[in-house]
Engineer: 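Pasting a structure below so you can have a look.
Side chains included, hydrogens not; waters and symmetry mates left out as well; all remaining heavy atoms used. Chain letters run A, B, ... following the sequence lines, proteins first and then strands; every chain starts at 1.
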Amino acid sequence: MKHSEGLKGTDIVEIEKVQRETHDTVSLYFTHHDDAKTGQFYMVWIPGLDEVPMSISAIEEDGRRSVTVKDVGEATHALCTMKAGEQIGIRGPFGKGYTLVGKRVLLVGGGSGMASLIVAAREYARVGKDVTLCIGARTKEDLLFGEQAGIKVEVSTDDGSAGFHGFVTDLAERLLNEDDYDMIVTCGPEIMMKKMLDIASAREIKYEASLERLMKCGIGVCDACAIGGYRVCKGGPVFPDTILLKIDEFGERRRDAAGRVVKL
Amino acid sequence: MKHSEGLKGTDIVEIEKVQRETHDTVSLYFTHHDDAKTGQFYMVWIPGLDEVPMSISAIEEDGRRSVTVKDVGEATHALCTMKAGEQIGIRGPFGKGYTLVGKRVLLVGGGSGMASLIVAAREYARVGKDVTLCIGARTKEDLLFGEQAGIKVEVSTDDGSAGFHGFVTDLAERLLNEDDYDMIVTCGPEIMMKKMLDIASAREIKYEASLERLMKCGIGVCDACAIGGYRVCKGGPVFPDTILLKIDEFGERRRDAAGRVVKL
Amino acid sequence: MSDLSVNIVGPRMKNPLMLASGILDETGESMLMAVKKGAGAVVTKSVGLEANEGHRNPTAFEIGDGLGLLNAMGLPNPGINDYEREVKIALTGGVPVIGSVFGRDGKDFSYLAGKMEDYGASAVELNLSCPHAKGVGMDIGADPEEVGIIVSAVSSAVSIPVFAKLTPNVPNIADIALSAVKAGAEGVVAINTLKGMIISPETGLPVLGNRLGGLSGPAILPVGVRSVFEIKQRFMKEEVNAVIIGVGGISSAHDALQYIMAGADALQIGSVMRWKGAAVFGEIASGISDFMDREGYSTIKDMVGIAQEAKK
Amino acid sequence: MSDLSVNIVGPRMKNPLMLASGILDETGESMLMAVKKGAGAVVTKSVGLEANEGHRNPTAFEIGDGLGLLNAMGLPNPGINDYEREVKIALTGGVPVIGSVFGRDGKDFSYLAGKMEDYGASAVELNLSCPHAKGVGMDIGADPEEVGIIVSAVSSAVSIPVFAKLTPNVPNIADIALSAVKAGAEGVVAINTLKGMIISPETGLPVLGNRLGGLSGPAILPVGVRSVFEIKQRFMKEEVNAVIIGVGGISSAHDALQYIMAGADALQIGSVMRWKGAAVFGEIASGISDFMDREGYSTIKDMVGIAQEAKK
Ligand SMILES: Cc1cc2nc3c(=O)[nH]c(=O)nc-3n(C[C@H](O)[C@H](O)[C@H](O)COP(=O)(O)OP(=O)(O)OC[C@H]3O[C@@H](n4cnc5c(N)ncnc54)[C@H](O)[C@@H]3O)c2cc1C
Ligand SMILES: Cc1cc2nc3c(=O)[nH]c(=O)nc-3n(C[C@H](O)[C@H](O)[C@H](O)COP(=O)(O)OP(=O)(O)OC[C@H]3O[C@@H](n4cnc5c(N)ncnc54)[C@H](O)[C@@H]3O)c2cc1C
Ligand SMILES: Cc1cc2nc3c(=O)[nH]c(=O)nc-3n(C[C@H](O)[C@H](O)[C@H](O)COP(=O)(O)O)c2cc1C
Ligand SMILES: Cc1cc2nc3c(=O)[nH]c(=O)nc-3n(C[C@H](O)[C@H](O)[C@H](O)COP(=O)(O)O)c2cc1C
Ligand code: FES
Ligand code: FES
């Protein structure tokens with residue numbers, strides 16, 4: 001009976017609102033009725049051009065959703081220049097989201113990884129957990145989601161133009177020295193996430209990270225997003241320390257579009 | 001997700017019990033979990049031979065079902081000689097069953113039509129309606145379901161070997177003269193059902209009948225069971241007086257396996 | 001306000017939706033029912049020279065939960081002589097009746113088509129594509145040349161439009177379509193069913209009486225849309241102006257629009273009636289109309305084949 | 001107790017279930033995962049001469065709710081030279097690894113097959129059937145003669161068994177199978193995907209980056225079972241003794257048994273992993289085993305092709 005509603009490849013939605021977040025990052029709002037969970041992603045189709053994975057950066061009960069896109073190439077540029085009323089295709093939600101375990105939680109994010117991490121931070125805060133969000137950016141201008149109601153935010157910049165001057169991992173270590181945390185959650189450049197894994201396991205703090213890999217199908221069949229026998233689109237994008245510690249590719253190598261092994 | 005349970009054409013069930021009803025009629029019991037309703041039918045596959053429509057003659061909560069088969073040809077003969085442990089295929093339940101409206105109900109059945117009518121009689125009785133079941137048979141030996149707990153049964157035979165001597169329609173008229181009924185339900189030879197329709201409409205009593213037509217698909221696509229623009233397998237097999245009064249084929253003509261019009 | 005009417009056969013059709021051959025159209029009364037529920041035209045069951053009872057049961061069943069149907073009816077039909085009655089009844093519905101016929105060669109087809117014309121059919125559809133009958137259907141319809149020969153015979157025998165109904169069980173449906181049109185067909189109908197089989201492991205037997213059958217319904221939609229797309233692409237390339245009628249797995253306005261945008265001028269609806277009955281004609285027509293209003297299309301023609309222009 | 005092992009390639013397979021080409025087998029580590037979950041053998045992603053990024057996204061998506069997948073990956077692969085790494089890793093799983101390769105002609109195929117043999121593959125599978133890549137796949141695999149020429153070249157170039165993977169987008173898959181086997185193939189693999197397309201009416205565009213793609217998953221099961229049935233029937237008639245590997249829409253033990261009874265000696269599993277992950281290997285293997293115990297079969301071979309004997 002279900003199929004008699006018709007066969008689609010993707011759900012076409014209209015962009016309802018475009019919100020500029022930084023000089024190179026915008027959030028696109030639309031409505032998509034689904035059971036999206038914190039940390040999941042969509043495959044976003046730019047009709048006629050490309051389809052790219054995007055974390056779900058806002059999840060409202062009434063079906064309102066957003067993705068937050070950083071302009072890094074052709075597809076993301078097209079998304080960043082879209083206007084309200086234009087159409088995109090949505091497949092998903094896909095993947096496994098954050099476990100949301102832990103009581104005193106340190107979230108460490110960088111770059112467009114903040115799009116994913118921000119929903120985790122908000123969700124931890126909503127259920128009354130003690131949340132500290134540590135954001136790394138190149139400069140003050142690149143800072144994404146720097147202010148959040150009800151969440152302690154700490155900032156680092158590479159050039160010192162805001163907050164801590166240096167790597168966000170160094171900032172994170174300082175916070176870990178000052179306070180007790182029982183959970184570390186991270187999303188951002190893989191080298192940074194790898195560093196946080198080392199820190200977390202040295203301190204025996206539970207850890208999870210949301211990974212990025214080149215994606216094609218998004219549904220666990222094509223192997224494009226493979227990492228150590230897992231698929232980021234299905235086993236992830238969020239993986240626990242227990243798995244990541246066993247994957248020697250993590251923070252080291254990835255696959256290109258042809259499936260060749262390349263250095264990160 | 002559903003399809004990942006595998007694609008079947010028919011559900012294979014094992015015959016659990018064979019019960020002889022008359023010299024040429026047996027009931028086959030098996031288990032099939034479905035939401036069968038009074039008056040619906042199955043397409044019963046005799047593997048490698050044929051598939052034929054059969055009314056569901058018993059419906060138990062735990063999935064126990066039966067069909068009651070009269071040996072009239074190759075397929076029904078094969079069914080009538082089956083043993084417990086043998087396998088048949090089941091598609092369905094199909095069709096629209098009895099409406100089960102009315103408070104004082106006269107059920108008029110004949111031949112293998114009793115297989116369908118008996119579940120209606122039992123269901124009316126179960127919900128406390130006043131039920132009279134009128135059964136026509138050629139001889140005493142052909143009498144099907146002649147005794148039923150909690151149901152008034154009246155019998156007619158063509159040869160007078162049991163009950164009323166004559167047509168079941170005459171017996172029915174007698175009963176209608178003696179008592180008030182607000183519903184007539186019938187299943188059996190079409191000429192008989194047509195006669196009952198005339199009687200019911202003359203007396204302005206609500207009426208429904210369960211029809212038989214040659215069936216192929218059983219699911220309303222092939223048009224084999226067509227009658228006046230309706231399909232017996234889908235619009236029926238139970239039709240109300242309001243529809244039957246408008247169909248001039250009823251009691252007059254049917255289609256053969258090639259779709260030719262033939263006299264009943 | 002959107003205008004759903006199309007000019008394909010005989011009187012202008014009020015919408016592009018036809019009843020597909022073989023589904024609820026063996027009898028005239030059933031065809032009338034489809035008209036009553038909104039069909040813009042009806043195609044008859046495929047009719048041959050003689051009365052034919054078809055294959056033995058099981059002849060058709062559903063697989064999966066709404067995934068599709070598998071059938072091997074075996075072209076049951078009353079024979080062309082008895083079929084006049086059905087066409088005449090169908091004609092009282094006031095919409096075009098397209099007579100579907102099947103045979104072994106140009107002679108059979110021409111005779112049958114001529115009869116359909118006599119009975120008042122607005123067009124004939126040549127079944128060159130049934131996958132489960134010996135010596136007819138796709139046995140003769142998988143070869144562009146044979147199709148050309150038959151179509152050409154029929155085209156010179158009748159004066160009503162001729163449509164060739166094509167099989168998808170080929171690598172080159174566009175070649176066959178082109179051959180049919182060059183031989184004089186007004187257009188093509190794509191697709192008939194995919195050759196398929198279902199086995200019951202418990203009994204070790206194929207379930208269909210004929211063992212082999214044809215798959216229809218939602219499962220085949222992508223194959224049908226692709227076939228129409230390939231045919232339209234070829235017609236455009238060869239600058240051939242011919243009608244394409246899309247059929248296969250259409251269950252909703254969304255599906256119907258896919259066919260139209262691939263290149264179909266009209267559509268046929270079959271298996272979905274197992275789930276939605278003939279009311280699906282009204283549902284799809286109003287769904288298309290809503291879509292056109294929303295997206296700013298005023299006629300069906302405005303949408304035909306627009307997916308061809310996709311930048312690539 | 002039932003014995004699921006089969007003797008098809010290299011070391012005896014503990015069960016007849018192989019990982020199908022192109023689904024979770026581009027990387028060695030993913031193939032190992034399938035082995036861990038119970039696959040009796042693995043087939044690699046189809047590999048060509050050079051690294052290839054494949055078509056642009058969208059490259060694959062689900063249609064319907066579990067009805068099937070439509071994909072146009074475009075044969076992405078690292079190229080045969082870089083692929084040694086993946087085969088070597090897969091081989092550590094201890095089950096046969098079958099190297100799938102694609103090329104334009106006998107020369108390409110022979111070279112690639114030779115490399116796979118060097119890497120330690122137990123057999124090669126020739127992709128003569130991908131429906132959405134130019135000049136390779138079904139573009140050359142729909143013609144029995146061309147298939148014969150390629151198979152014959154490869155068969156004389158390598159000493160491991162050669163399997164030809166066939167396309168269902170033809171009227172005569174059994175002809176192609178026979179041609180492959182007569183040219184020296186150890187057996188055939190049927191089926192690859194059905195050519196298909198999905199259009200998004202709101203945008204007027206085909207959704208796949210390549211527009212045209214291949215349909216797989218539950219929707220195609222009846223087509224695959226029929227294909228294997230037709231091939232087995234032909235092999236029996238011609239008294240040809242060759243292996244048939246069935247693939248297409250297998251989601252359950254029930255489906256797998258249909259293929260076996262139609263004539264398949266072994267099976268490949270692909271799209272269903274979208275819904276059940278690699279755990280489906282264990283599920284299907286134990287389902288087959290339960291069935292055999294219940295119905296009194298002791299080996300897979302006892303069931304192969306028994307649906308052929310149906311009285312008809
Ligand atoms: C699960 C997941 C969630 C994501 N969520 C977001 C998000 O919320 N917001 C956001 O802005 N981006 C997100 N991304 C990354 C985003 O998908 C890529 O930036 C995008 O695909 C690039 O496409 P493009 O055509 O614009 O750039 P391209 O022209 O393809 O590439 C531009 C540059 O980005 C690099 N690049 C491309 N794809 C990736 C990738 N997957 N990982 C790392 N580097 C890449 C290229 O190497 C190149 O340097 C996510 C990725 C994944 C896998
Ligand atoms: C909805 C429905 C419910 C039915 N329920 C029952 C039931 O519960 N019990 C039961 O015994 N039978 C029932 N029947 C009738 C049963 O399906 C037929 O008797 C059976 O198909 C005959 O098959 P056969 O091969 O044994 O006989 P055949 O060799 O096909 O025919 C034997 C004789 O029966 C006649 N016949 C065949 N089919 C029909 C038919 N559909 N209607 C009238 N005459 C027919 C033939 O003309 C011939 O005279 C039902 C039929 C329908 C349509
Ligand atoms: C039960 C059944 C009978 C059919 N009979 C015919 C027929 O007689 N002639 C014909 O050309 N096509 C016949 N077809 C094919 C349909 O007309 C149509 O091409 C096919 O089913 C695909 O459309 P659908 O998915 O909407 O059903 C039949 C299909 C079914 C399901
Ligand atoms: C995403 C995807 C990629 C595929 N890639 C290949 C390939 O590279 N080579 C090949 O021979 N078949 C390929 N196929 C076809 C499968 O191997 C298989 O023949 C087909 O999908 C039918 O099986 P299934 O329904 O179990 O998936 C691919 C299928 C899918 C879904
Ligand atoms: S993107 Fe295809 S498996 Fe993950
Ligand atoms: S039996 Fe096919 S329509 Fe009723």
Engineer: Using heavy-atom distances under 4.5 Å, tell me whether C:L24 contacts chain B through its side chain, its backbone, both, or neither.
Structural biologist: both
Engineer: Name the member of C:A51, C:A60, C:P58 that forms the most heavy-atom pairs with chain B at distances under 4.5 Å.
Structural biologist: C:P58
Engineer: Do you know which of C:I23, C:L75, C:I198, C:N71 has the most heavy-atom pairs with chain B at a distance under 4.5 angstrom?
Structural biologist: C:I23
Engineer: Taking the side chain as every heavy atom from C-beta outward, state whether C:K45 and C:P76 have any pair of such atoms under 4.5 Å apart.
Structural biologist: yes
Engineer: Is any side-chain heavy atom of C:T44 closer than 4.5 Å to one of C:M116?
Structural biologist: yes
Engineer: Give me the contact list for residues 26-46 of chain B versus chain C, heavy atoms only, anything under 4.5 Å, ordered by residue number.
Structural biologist: B:M43, B:W45
Engineer: Is there side-chain contact between C:V47 and C:F102, with heavy atoms separated by less than 4.5 Å?
Structural biologist: no
Engineer: Using 4.0 Å as the upper bound for N to carboxylate O, is an ion pair formed by B:R213 and B:E249?
Structural biologist: no
Engineer: Between C:L69, C:N77, C:L32, C:L208, which residue shows the highest count of heavy-atom pairs closer than 4.5 Å to chain B?
Structural biologist: C:N77
Engineer: Check each atom of B:K8 against the heavy atoms of chain C and say whether the ones under 4.5 Å are side chain, backbone, both or neither.
Structural biologist: backbone
Engineer: Under a 4.5 Å cut-off applied to non-hydrogen side-chain atoms, are B:V262 and B:D256 in contact?
Structural biologist: yes
Engineer: Report the residue from C:N192, C:N127, C:D25 that forms a side chain to side chain donor-acceptor pair (under 3.5 Å) with C:S46.
Structural biologist: C:N127
Engineer: Salt-bridged, B:E51 to B:R91, with N to O below 4.0 Å?
Structural biologist: yes
Engineer: Under a 4.5 Å cut-off applied to non-hydrogen side-chain atoms, are B:K83 and B:I15 in contact?
Structural biologist: no
Engineer: When only pairs under 4.5 Å are counted, which of C:A278, C:G54, C:S200, C:P78 shares the most heavy-atom pairs with chain B?
Structural biologist: C:P78
Engineer: Could you grab the distance from atom CD of C:Q268 to atom OG of C:S100, nearest 0.5 Å is fine?
Structural biologist: 8.5 Å
Engineer: Please look at B:I219 and chain C and tell me whether the side chain, the backbone, both or neither of the residue comes under 4.5 angstrom of a heavy atom of that chain.
Structural biologist: both
Engineer: Can you find a heavy atom in the side chain of C:N169 that is under 4.5 Å from one in the side chain of C:P131?
Structural biologist: yes
Engineer: Which atoms of C:D82 are under 4.5 Å from chain B, going by heavy atoms: the side chain, the backbone, both sets, or neither?
Structural biologist: side chain
